[in-house]
Amino acid sequence: MAEVTYLEALRQGLWEEMERDEEVFLLGEDVGRYGGAFKVTEGFQDRFGERRVIDTPISEAAIVGAAAGAAHMGMRPVVEMQFMDFIACAYDMLTNYVATARYRAGLSTPIVVRGPSGGYVRGGPFHSQNPEAGFFHTPGLKLVCPATVRDAKGLIKAAIRDDDPVIYFEHKYLYRRLKDDLGEDEEIITPIGKARIAREGTDLTIITWSAMVWKSLDAAQTIEKEDGASVEVLDLRTLLPMDDDAIMASVRKTNKVLIVHEDSRTGGVAGEITARINETAFEWLDGPIMRVTAHDTPVPYAPTLEDCVLPQTEDIVRSARWLLAY
Amino acid sequence: MAEVTYLEALRQGLWEEMERDEEVFLLGEDVGRYGGAFKVTEGFQDRFGERRVIDTPISEAAIVGAAAGAAHMGMRPVVEMQFMDFIACAYDMLTNYVATARYRAGLSTPIVVRGPSGGYVRGGPFHSQNPEAGFFHTPGLKLVCPATVRDAKGLIKAAIRDDDPVIYFEHKYLYRRLKDDLGEDEEIITPIGKARIAREGTDLTIITWSAMVWKSLDAAQTIEKEDGASVEVLDLRTLLPMDDDAIMASVRKTNKVLIVHEDSRTGGVAGEITARINETAFEWLDGPIMRVTAHDTPVPYAPTLEDCVLPQTEDIVRSARWLLAY
Amino acid sequence: MQRGAGVMTPTTRLSREQLLDMSYYLALTRSLEERLVNLYRQGKVIGGLYRSLGQEGESVASAYALEPGDVLSPLIRNLGSMLVMGAKPVEILRQYMAKETSPTGGREMNLHFNDLGLGYLGQISPLGDMISVMAGICLSFKVRDESRVGLVYIGDGGTSTGAFHEGVNFAAVQRLPLVVIVEHNGYAYSTPTSDQTATPRLVTKAKAYGIPGITIDGNDVLVVYEATRDAVEKARAGAGTFMIEVVTYRRKGHAEHDDQRYQPKEEIAEWAEHNDPIDRYTATLLEQEWVTRAELDDIARRVSTELNQAVEECENDPLPDGATALSRAYARPPQVEPLWFRRLDG
Amino acid sequence: MQRGAGVMTPTTRLSREQLLDMSYYLALTRSLEERLVNLYRQGKVIGGLYRSLGQEGESVASAYALEPGDVLSPLIRNLGSMLVMGAKPVEILRQYMAKETSPTGGREMNLHFNDLGLGYLGQISPLGDMISVMAGICLSFKVRDESRVGLVYIGDGGTSTGAFHEGVNFAAVQRLPLVVIVEHNGYAYSTPTSDQTATPRLVTKAKAYGIPGITIDGNDVLVVYEATRDAVEKARAGAGTFMIEVVTYRRKGHAEHDDQRYQPKEEIAEWAEHNDPIDRYTATLLEQEWVTRAELDDIARRVSTELNQAVEECENDPLPDGATALSRAYARPPQVEPLWFRRLDG
Ligand SMILES: Cc1ncc(C[n+]2csc(CCOP(=O)(O)OP(=O)(O)O)c2C)c(N)n1
Ligand SMILES: Cc1ncc(C[n+]2csc(CCOP(=O)(O)OP(=O)(O)O)c2C)c(N)n1
Ligand SMILES: [Mg+2]
Ligand SMILES: [Mg+2]
């Protein structure tokens with residue numbers, strides 16, 4: 001049993017689904033002969049051929065549109081965005097065409113749009129974005145954000161099998177830094193829409209997803225060690241649909257909530273979570289729901305600047321302490 | 001002193017700014033010889049000429065990009081989106097280029113992107129949208145949503161003079177239905193970033209903007225008449241920047257909050273407002289912050305369906321009563 | 001559509017029955033729009049009404065060049081194409097009136113509906129988006145080695161969109177069996193084509209994508225049929241993507257509410273009097289003695305009867321039940337829960 | 001840039017001084033990139049490094065055809081253009097190393113910075129976006145009756161974007177004084193141009209927009225200069241938008257980390273040995289006896305000294321103070337408040 005990286009787990013998931021279902025195919029910029037900018041699809045074109053691993057022109061909108069058309073005909077396209085920052089170029093296609101297709105026209109559009117998102121890699125304003133909030137607001141889409149090696153595999157497989165369009169935000173910081181042993185026997189599929197308790201706790205709930213799960217776990221550990229308090233970390237895994245039940249169960253247990261996301265504050269997903277908790281479990285709250293997020297600026301390039309803009313483990317520790325003392 | 005419509009007030013604002021500052025110019029689809037799909041710019045080309053009122057190709061991204069370039073050179077472009085639904089086609093340009101220009105490059109980009117948004121006109125999925133939440137999450141943009149005839153004029157003038165890029169969401173339902181007498185003497189300029197108390201009250205605050213201000217006022221009146229309760233209605237006017245002070249002052253006064261927006265629920269702007277109140281005025285709350293919004297679907301076409309999806313005055317009345325009784 | 005029926009007439013690849021069939025669709029298109037105008041004036045149409053007067057020829061003839069299994073995506077003025085593919089007048093009427101019984105159950109308007117079985121995929125409003133979607137449909141044909149072809153329409157105005165460019169380029173480079181019909185009708189809403197693009201011939205855009213293109217008289221029904229048929233056959237044979245610029249004219253305003261003040265009256269009159277596609281087609285059929293006046297009169301009567309029936313059949317259909325608005329945003333869950341305030345007691 | 005200096009050499013519109021000046025910029029570009037490679041290997045460059053090896057000629061020569069007041073927007077491989085416009089090597093170095101002293105104060109990377117006074121506007125990453133922005137800049141020239149011209153670069157890959165299409169079309173239809181240089185260097189990251197577009201000659205795209213276009217040898221410095229100069233002069237005279245396809249070759253990978261396995265080794269070698277723009281230019285200058293070997297050696301020494309100084313000047317500059325990250329998201333308010341958790345006591 002060898003350890004595999006987050007990236008390798010993702011690869012495995014894609015590979016297995018392509019072996020299983022010949023309707024699954026890949027398209028995107030440099031996904032074929034190059035194997036993708038991050039080499040997620042390296043070797044796929046050799047195995048599955050040029051018809052199932054398609055190098056496309058630089059046209060995010062057309063790639064998504066073409067995926068949608070193929071999906072209407074029963075295929076299962078998986079689109080790579082070279083960086084998730086460029087999904088902005090397909091915004092109209094995703095929000096106006098893809099997301100509405102079933103509702104307005106009864107069309108099935110089972111596509112997956114996946115790619116690297118996130119910062120902490122000194123990528124600057126256009127290679128560090130977390131664009132989930134821009135799509136979170138569009139009914140018809142599902143948004144998936146795997147945090148673990150296991151979920152990188154299990155969720156991509158579930159996304160491909162899902163009958164609704166899924167945007168799949170991988171975190172590039174985790175690609176090669178995160179490793180785990182996935183065993184070999186069972187098939188790993190992680191249901192979309194179910195959160196995961198990454199760490200059990202009783203005094204405070206941290207609600208988070210993607211790379212922030214790891215910073216939150218680090219913070220929880222520090223607090224346990226230094227303060228003796230017990231922090232629960234809830235990894236949402238999917239933002240749309242959101243696992244309200246898991247959120248509320250944790251809130252009812254700990255009565256205090258900190259939401260941590262990497263994206264900037266205003267209009268980030270934390271707002272919605274706050275609203276939902278407030279609507280459903282207001283009486284269970286022993287303190288305000290607080291947020292640790294990036295600041296409201298683009299993500300700057302210099303390490304010192306990026307560190308200032310993005311949330312850090314120490315920020316989570318301090319905020320959690322503040323809430324625990326509330 | 002004649003009454004003017006919301007649309008006419010907007011026209012006046014644009015006209016006055018073009019008279020005042022020759023750097024102000026208009027560009028968009030059919031804004032010139034036709035005067036715009038809703039005739040907001042009718043007669044402008046006759047007065048200001050083809051160089052200052054430019055009919056463009058159908059290319060939302062290029063229109064915004066060209067406006068940005070001209071703005072860098074000191075001009076003050078005002079872009080019309082024929083319907084705000086099509087602003088999705090300029091999403092990359094607005095969020096990646098325009099919004100970041102000052103931050104990353106020190107460039108000044110004083111553009112206004114304006115156009116009709118909103119439903120209740122049986123416009124179907126692509127002529128009814130309220131796309132503010134898609135941009136609310138982008139630092140660098142300002143978002144303005146005038147509700148009144150006076151603000152339609154005062155805010156467009158302020159938006160044009162603002163040194164930051166402004167997206168200006170007009171509400172097409174109000175265009176010709178809303179009338180007011182603006183007097184004639186004073187110049188009307190409404191500062192960006194300041195909310196307005198549309199109605200004073202003591203028992204509950206409704207926070208809202210754009211067309212929902214009017215439904216909220218109707219609801220408040222019904223409640224006053226039928227229940228004897230006093231409802232405050234806060235018209236945010238601008239979403240970015242948000243007038244936290246006005247929000248918190250009202251919350252501290254009434255201790256109960258209902259947020260009403262026309263856009264769908266999940267990921268809508270109400271989430272952010274909930275989070276901010278919760279962070280700043282949690283102890284002042286005597287009940288959960290609740291939301292009245294559209295349902296999480298596209299806006300359907302048939303009147304019966306649209307009525308079901310969008311929030312109605314009666315929904316506000318019921319929700320307010322529920323909160324008052326909490 | 002009466003495909004392959006009967007014996008070919010000289011100089012065309014169409015039989016007499018097929019020629020009459022096209023006459024039927026032309027008459028049906030024009031008359032259905034006239035019915036819609038009446039309903040619009042009576043306030044029964046919800047929202048706008050978009051006419052194809054003077055452009056029916058290119059719609060009907062291009063669609064008629066397809067075979068069963070082929071798929072097209074119409075624009076708002078391609079009513080004729082939809083009808084040829086098998087959309088029923090009563091469906092169109094129901095769509096325009098947002099009836100419960102409409103193909104979209106009142107969720108969407110006018111021609112925005114689809115039946116992939118019959119071979120049409122309704123557009124969405126943002127112009128240009130359907131091109132890459134149709135490219136994707138053609139990609140499925142190619143990957144599956146199916147001998148099917150796609151056809152997509154775009155207006156002169158629509159060619160300015162980035163979506164058009166990305167979509168046609170994608171199809172071209174992938175050599176997908178897609179025929180792109182560029183409808184050069186002089187205007188995009190109020191904007192003349194000369195303000196839309198600096199090229200006087202839209203077909204020059206084909207060169208940018210390395211694909212063949214031709215410009216044809218869009219108001220000559222037989223020319224449109226032959227040209228589309230040629231392109232469709234080549235695409236079916238694996239030759240990739242084609243562009244056809246059809247030159248026509250939009251005789252009505254952008255929509256019924258538009259007073260067309262920007263279109264010179266003489267220009268409209270000129271096209272109406274001397275270049276109506278139905279008049280020209282009818283004249284040819286009669287001149288060539290391929291059909292008789294009586295047969296055409298029969299068609300007119302049939303169309304009239306069918307439309308009377310269609311209007312009658314649906315005029316009193318109810319609007320959809322409001323609550324159905326909450327279904328089908330997703331496959332799973334198939335239903336959006338009514339929000340909390342809708343579950344409160346009155 | 002030594003504009004208009006000295007006497008023209010025969011067959012060119014350039015003086016000897018100007019020819020030497022271009023030699024200087026060519027050498028400076030190539031050497032600066034070599035310095036950057038060293039710094040990259042030492043781990044001092046933050047993020048990726050993008051080379052223009054083998055393409056320096058078209059960058060330098062096209063920028064050199066502009067006049068003071070003109071504005072260009074470079075891509076990541078147009079280091080030569082930036083230098084010609086007046087960007088300083090030390091600025092480039094600082095950008096790549098994210099120094100406090102860099103033109104963007106460490107907010108942005110590599111060539112992504114601008115000085116509209118000097119006449120360059122740095123790109124953003126989403127390809128194609130700069131074309132309509134440059135169209136807007138040229139719109140300001142036109143509206144203000146200024147006799148200024150814009151120049152924008154786009155890669156073979158970038159021509160596939162909707163942004164390219166909308167931008168060029170907008171400029172063309174408005175007859176804006178914009179020169180669009182399409183850099184046909186064979187690859188977009190790993191994707192050969194044949195997977196990007198079905199047209200073998202990118203200049204055919206000019207036809208789509210109704211504008212003139214030519215294809216030239218992008219590695220012939222004098223040809224690029226002359227062609228750009230022609231286009232710029234016509235644009236300045238009010239003739240609208242021009243497209244120039246420069247045929248060149250990307251001899252390095254997309255970025256320094258890319259092993260180029262998809263580029264045939266012989267192809268790279270062929271271009272390196274027989275078609276290097278600097279070698280060719282130098283050979284011509286010497287053959288024609290417009291310059292001497294000694295003068296070129298002087299330039300090499302000068303470049304080396306300047307770059308030594310530049311590296312020394314900035315290598316030890318500090319990174320920016322973190323807190324400056326919160327300024328300048330808006331003109332008003334000019335500062336984002338630190339979030340609540342940053343105001344808590346440690
Ligand atoms: C992306 C986008 N922008 C704007 C519109 C609004 N709009 C609807 S139809 C139209 C004009 C279309 O003209 P053309 O493509 O020539 O088609 P025609 O109406 O002439 O058939 C415009 C601007 C739209 N539907 N989509
Ligand atoms: C819209 C968009 N999609 C994807 C990318 C990622 N990307 C950066 S450079 C590049 C290749 C560009 O190729 P080309 O335009 O030919 O320029 P070259 O690198 O050859 O100079 C890609 C795909 C991007 N920057 N923008
Ligand atoms: Mg047209
Ligand atoms: Mg290239």
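Remember, it's a predicted structure, so these values are computed and weren't measured experimentally. Protein chains get the first letters and strands the later ones, always in sequence-line order, with residue 1 at the start of each.
- Atom-to-atom distance recorded for A:L258:CG and D:F341:CZ is 9.5 Å, nearest 0.5 angstrom.
- The minimum heavy-atom distance linking D:A325 with A:T297 is given by the pair O-CG2, 3.7 Å.
- The stretch residues 56-67 of chain A places A:T56, A:P57, A:I58, A:S59 near chain D, each with some heavy atom under 4.5 Å from a heavy atom of that chain.
- Under the 30°/60° scheme for interplanar angles, the aromatic rings of A:F126 and D:H112 are found to be tilted.
- Smallest separation of non-hydrogen atoms from D:E108 and A:Y301: O-CD2, 3.2 Å.
- In terms of heavy-atom pairs under 4.5 Å with chain D, the best-connected choice from A:E29, A:M290, A:R265 is A:M290.
- For the pair A:R33 and D:Y262, the tightest heavy-atom approach, listed with the atom from each and the gap, is CD-CB, 4.0 Å.
- Contact annotation: the side chain of A:C308 approaches that of D:R342 to within less than 4.5 Å [non-hydrogen atoms, C-beta and beyond].
- Looking only at side-chain heavy atoms (C-beta outward), A:F83 and D:S125 stay at 4.5 Å or farther from each other.
- Interface remark: D:I124 contributes backbone and side-chain atoms alike to the contact with chain A (heavy atom separation under 4.5 Å).
- Side-chain atoms of D:R107 and A:P125, non-hydrogen and from C-beta on, never get closer than 4.5 Å to each other.
- The greatest number of non-hydrogen atom pairs below 4.5 Å with chain A, out of D:S102, D:G47, D:G322, is found for D:G322.
- Taken to the nearest 0.5 Å, the CG atom of D:L339 stands 7.0 Å off from the CG atom of A:D296.
- Rounded to the nearest 0.5 Å, atoms CD (A:E314) and CG (D:L344) are 10.0 Å apart.
- For chain A, no part of D:R328 is nearby; none of its heavy atoms comes within less than 4.5 Å.
- Interface residue D:A329: only side-chain heavy atoms are found under 4.5 Å from chain A.
- For a residue to count as touching a neighbouring chain, one of its non-hydrogen atoms must lie under 4.5 Å from one of that chain's; by this rule D:A323 touches chain A with the backbone only.
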Apply side chain to side chain contact (heavy atoms under 4.5 Å, CB included) to D:D321 and A:T304, showing your working. CA-CA 6 Å; D:D321 174 30; A:T304 44; over 6 Å; no
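- Interface remark: of the candidates D:G105, D:P320, D:G155, D:A188, D:P320 forms the most heavy-atom pairs closer than 4.5 Å to chain A.
- A donor-acceptor pair under 3.5 Å is absent between the side-chain atoms of A:H295 and the main chain of D:V336, judged by distance alone.
- Considering every non-hydrogen atom in both A:R122 and D:I46, the closest pair reads CB-CG2, 3.6 Å.
- Among A:C89, A:A37, A:A294, A:G32, the residue with the largest count of heavy-atom pairs under 4.5 Å with chain D is A:A37.
- Counting heavy-atom pairs closer than 4.5 Å to chain D, the top-ranked of the candidates A:G124, A:P300, A:P311, A:P298 is A:P300.
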Worked check of side chain to side chain contact (heavy atoms under 4.5 Å, CB included) between D:W340 and A:W322: CA-CA 11 Å; D:W340 69 287; A:W322 183 89; 3.7 Å; yes
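- Contacts between D:E337 and chain A at a heavy-atom distance below 4.5 Å involve the backbone alone (N, CA, C, O).
- D:T191 and A:D55 share no donor-acceptor pair across their side chains, judged by distance under 3.5 Å alone.
- Between A:P303 and D:L319 there is a side-chain heavy-atom pair separated by less than 4.5 Å.
- For a residue to count as touching a neighbouring chain, one of its non-hydrogen atoms must lie under 4.5 Å from one of that chain's; by this rule D:Q95 touches chain A with the backbone only.
- Only the backbone of A:D307 comes within less than 4.5 Å of a heavy atom of chain D; no side-chain atom from C-beta onward does.
- Crowding of D:Q42 atom CD: a count of heavy atoms from other residues, nucleotides or ligands under 6.0 Å exceeding 12.
- Chosen from D:T104, D:T197, D:T324, D:D258, the residue pairing most often with chain A at heavy-atom distances under 4.5 Å is D:D258.
- Contact annotation for A:Q82: only side-chain heavy atoms (C-beta onward) come within less than 4.5 Å of a heavy atom of chain D.
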